[in-house]
Amino acid sequence: MLGSGEIQQYLSGAWRLMLGKADGLRQLDLSADGFWNSFFAILIAVPALIVGWVGVSDELTLQSAAFAGRFGIVVRLALVDIGAWVLPLIVFALVARRVGIGDRFVHYVVASNWASAIIAWLMLPAALLRTVMPAAQSATSMLSLALFVLSMVLSWRMTNAAIGKGPAVGSAVFAGMFLVSLLVLFSLQAMFGISVQN
């Protein structure tokens with residue numbers, strides 16, 4: 001179990017990477033233990049993610065009577081989001097060495113995990129607005145879009161800093177991971193019968 005000091009250090013390092021500062025890697029644990037411990041970031045993100053799952057489950061409950069209940073929807077949303085978090089990293093593991101960035105695999109995964117936790121919390125205001133004011137769909141959509149764009153910029157910077165092979169390679173990795181993530185997300189949503197309308 002990670003201590004609060006370690007978690008704060010890793011989140012701080014990820015944040016520096018998201019600002020484009022490669023020295024953030026020094027605050028991350030890039031050992032084998034650090035690699036596996038970085039998946040603890042999923043638990044750090046869960047409280048923020050739950051707010052979004054509850055908001056979406058409310059909408060889906062209203063849209064369709066086919067869903068068994070709110071808890072079942074939340075479980076399915078959780079499986080979709082966690083799958084969309086982990087499965088692209090598995091794909092990255094399979095191709096990283098073949099495309100010449102195998103030496104940066106651990107760096108990227110550790111940084112990405114902690115950065116994803118930060119992004120989950122960054123998106124919380126939109127999820128809260130969606131839950132508290134479900135009628136304010138236009139405001140929620142605008143806020144969600146703005147936060148999404150910001151998260152993409154921060155993720156791109158993190159990827160470039162973690163890969164450390166120049167902006168062309170970093171951008172290619174970012175684009176590839178983004179496309180794989182979308183493919184996984186849509187596939188899992190279809191598999192679990194979830195249709196999220198923004």
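None of these values were measured; they are calculated from a predicted model.
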Report the C-alpha separation of Ser31 and Asp29 in whole Å, then their side-chain angles, then the decisive distance to 0.1 Å, and conclude whether the side chain to side chain donor-acceptor pair (under 3.5 Å) test is met.
-> CA-CA 6 Å; Ser31 68; Asp29 182 354; 2.6 Å; yes

Can Ile101 and Lys165 be said to form a side chain to side chain contact (heavy atoms under 4.5 Å, CB included), step by step?
-> CA-CA 8 Å; Ile101 53 176; Lys165 294 184 181 291; 3.7 Å; yes

d(Leu94 CG, Phe105 CZ) to nearest 0.5 Å is 8.5 Å

Distance-only, no hydrogens or angles: does the Arg130 side chain make a donor-acceptor pair with backbone N or O of Gly55 under 3.5 Å?
-> no

Return a table of donor-acceptor pairs under 3.5 angstrom between the side chains of residues 40-49 and protein atoms on other chains or two or more places apart.
none

What is the minimum heavy-atom distance between Ala14 and Ala111, and which atoms define it?
-> CB-O, 4.3 Å

Would a 4.5 Å heavy-atom cut-off, applied to side chains only, mark Leu17 and Leu28 as touching?
-> yes

Measuring from Ile163:CD1 to Asp103:CG, what's the distance to the nearest 0.5 Å?
-> 8.5 Å

Close side-chain approach of Ile118 and Met18, heavy atoms under 4.5 Å | yes

Roughly how far, to the nearest 0.5 Å, is the OG atom of Ser181 from the CG atom of Leu89?
-> 7.5 Å

Can you tell if the side chain of Asn113 reaches within under 4.5 Å of the side chain of Trp85, non-hydrogen atoms only?
-> yes

With sequence neighbours left out, write down each residue that passes side chain to side chain contact (heavy atoms under 4.5 Å, CB included) with Ser12, or none if nothing qualifies.
-> Gln27

Which atom names give the shortest non-hydrogen contact between Val184 and Gly83, and what distance separates them?
-> CG1-O, 3.8 Å

Derivation and outcome, side chain to side chain contact (heavy atoms under 4.5 Å, CB included), residues Leu128 and Met133 | CA-CA 8 Å; Leu128 284 172; Met133 300 178 63; over 6 Å; no

Show your reasoning for whether side chain to side chain contact (heavy atoms under 4.5 Å, CB included) applies to Trp121 and Leu11.
-> CA-CA 12 Å; Trp121 285 95; Leu11 291 173; over 6 Å; no

Arg104 (side chain) donor-acceptor with Ala162 (main chain) under 3.5 angstrom = yes

Are the side chains of Arg76 and Val80 in touch, meaning some heavy atoms are under 4.5 Å apart?
-> no

Give, for atom OG of Ser187 and atom CG of Leu182, the distance between the pair rounded to the nearest 0.5 Å.
-> 10.0 Å

Should the ring pair Phe174 and Phe178 be called parallel, tilted or perpendicular, given that the plane angle runs from 0 to 90° and is split at 30 and 60?
-> parallel

Cluster check Leu183, Val99: I/L/V/M/F/W/Y, side chain < 4.5 angstrom = no

Look at the side-chain heavy atoms of Ile, Leu, Val, Met, Phe, Trp and Tyr, link any pair under 4.5 Å apart, and say whether Leu179 and Val169 land in one connected group.
-> no

Any side-chain heavy-atom pair from Tyr10 and Leu2 closer than 4.5 angstrom?
-> yes

Expected list for residues 142-158: side-chain donor-acceptor pairs under 3.5 angstrom, two or more places apart:
{"unit_1": "Ser144", "atom_1": "OG", "unit_2": "Thr140", "atom_2": "O", "d": "2.8"}
{"unit_1": "Ser151", "atom_1": "OG", "unit_2": "Leu147", "atom_2": "O", "d": "3.4"}
{"unit_1": "Ser151", "atom_1": "OG", "unit_2": "Phe148", "atom_2": "O", "d": "2.7"}
{"unit_1": "Ser155", "atom_1": "OG", "unit_2": "Ser151", "atom_2": "O", "d": "2.8"}
{"unit_1": "Trp156", "atom_1": "NE1", "unit_2": "Ser171", "atom_2": "OG", "d": "2.8"}

Ile90 with Val95, same ILVMFWY side-chain cluster at under 4.5 Å = no

Shortest non-hydrogen separation from Leu77 to Ser57 and the atoms involved = CD1-N, 4.1 Å

At their closest point, which heavy atom of Ala161 faces which heavy atom of Leu25, and how far apart are they?
-> O-CD1, 3.9 Å

Treat each ILVMFWY residue as a node, draw an edge where side-chain heavy atoms are under 4.5 Å apart, and state whether Ile82 and Phe71 are in one component.
-> yes

So do Trp53 and Asp81 actually touch side chain to side chain, heavy atoms under 4.5 Å?
-> yes

Beyond-backbone contact of Leu188 with Leu79, side-chain heavy atoms, under 4.5 angstrom | no

Mind checking whether Leu185 and Val86 sit in one hydrophobic cluster, side chains of I, L, V, M, F, W, Y counted as touching below 4.5 Å?
-> yes

Given Phe92 and Val180, is the side chain to side chain contact (heavy atoms under 4.5 Å, CB included) satisfied, shown in steps?
-> CA-CA 9 Å; Phe92 185 65; Val180 170; over 6 Å; no

